[in-house]
Amino acid sequence: MFDMDGVLLDSMPRHAACWSIRFREDYGFEIPVSEVYANEGRSSRDFIASIIRKYFNREAPQEEVDAMYRRKCATVDSRGGMPPMPGALEAVKAVRAQGMEAVVVTGSGHTKLLNFIKEAYPGLFHTDWMVCANDGIRCKPNPDPYLAGLRNAGGIDPSEAIVIENAPLGVQAGKAAGCYVIAVNTGPLPDAALFEAGADVVLHSMFELAEMICTLRESLA
Ligand code: MG
């Protein structure tokens, strides 16, 4: 089960830049970039509400949150297509070559990004098994997105599934669902943040993951 942002798509630098632009232009606020990475995995609406609560000391009405989310998606989209994460295509192909299925489990509800997955990884994921924020389930770090992925894949036992994550909240979600979690640290956080979240192993690129997948089933047996 693959997370999307920072795992399948090299999207986190753009997300961070666009959050920075939106909060600066719309709120006159310089958001610390660490907030973006520490909260990765949360739904964008939860993220917006939590930042306004923390730094502005008020509860944002739903309409304000929704409007900010729409503007942020438009800012991301205005910059064109999103590049796949280097090595991720090789990693997903390695998974399929091992006879395993591949499922996308993301907290994102960003339609254009979800469509990029279909373009960048043609035929490799069961698109009707995809779990996203639009499915109306509790977001990471709750286990619900990964439990939904297991259900969508036909009722797989958590012990038979592997989660690939780049963010601490996503690692927590995968562990809470009972899965083995491989963290791939593609961002600026220290490895310790991923280990503390419960990662079973921390890698540093999707190429490294592709190599590992080729021997993983033997090492887990
Ligand atoms: Mg991620």
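All residue numbers refer to positions in the sequence shown, counting from 1. Predicted model, so just to flag it, every value in this text is computed and none were measured. For ligands, and for the atoms within them, numbers begin at 1 and follow the listed sequence. Below, all heavy atoms of this structure are taken into account, side chains as well, without hydrogens, waters or symmetry copies.
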*If you measure from the Lys or Arg side-chain nitrogens to the Asp or Glu carboxylate oxygens, is any gap between R71 and E25 under 4.0 Å?*
no
*Under a 4.0 Å N-O cut-off, is there an ion pair linking E40 with K140?*
no
_N/O/S atom of N166 inside 2.8 Å of the Mg ion (ligand 1), strictly under_ = yes
*Is any N, O or S atom of E165 under 2.8 Å away from the Mg ion (ligand 1)?*
no
*O (D5) to the Mg ion (ligand 1) to OD2 (D3): angle, nearest 10 degrees?*
90°
*Taking the N/O/S atoms of E40 one by one, which is nearest to the Mg ion (ligand 1)?*
OE2
*Scan Y69, Y37, F47 and name whichever one has a ring pair (Phe, Tyr, Trp, His ring centres under 6.0 Å) with W19.*
F47
*Around D157, counting heavy atoms of other residues, nucleotides and ligands shown, do more than 12 lie under 6.0 Å from its CG?*
yes
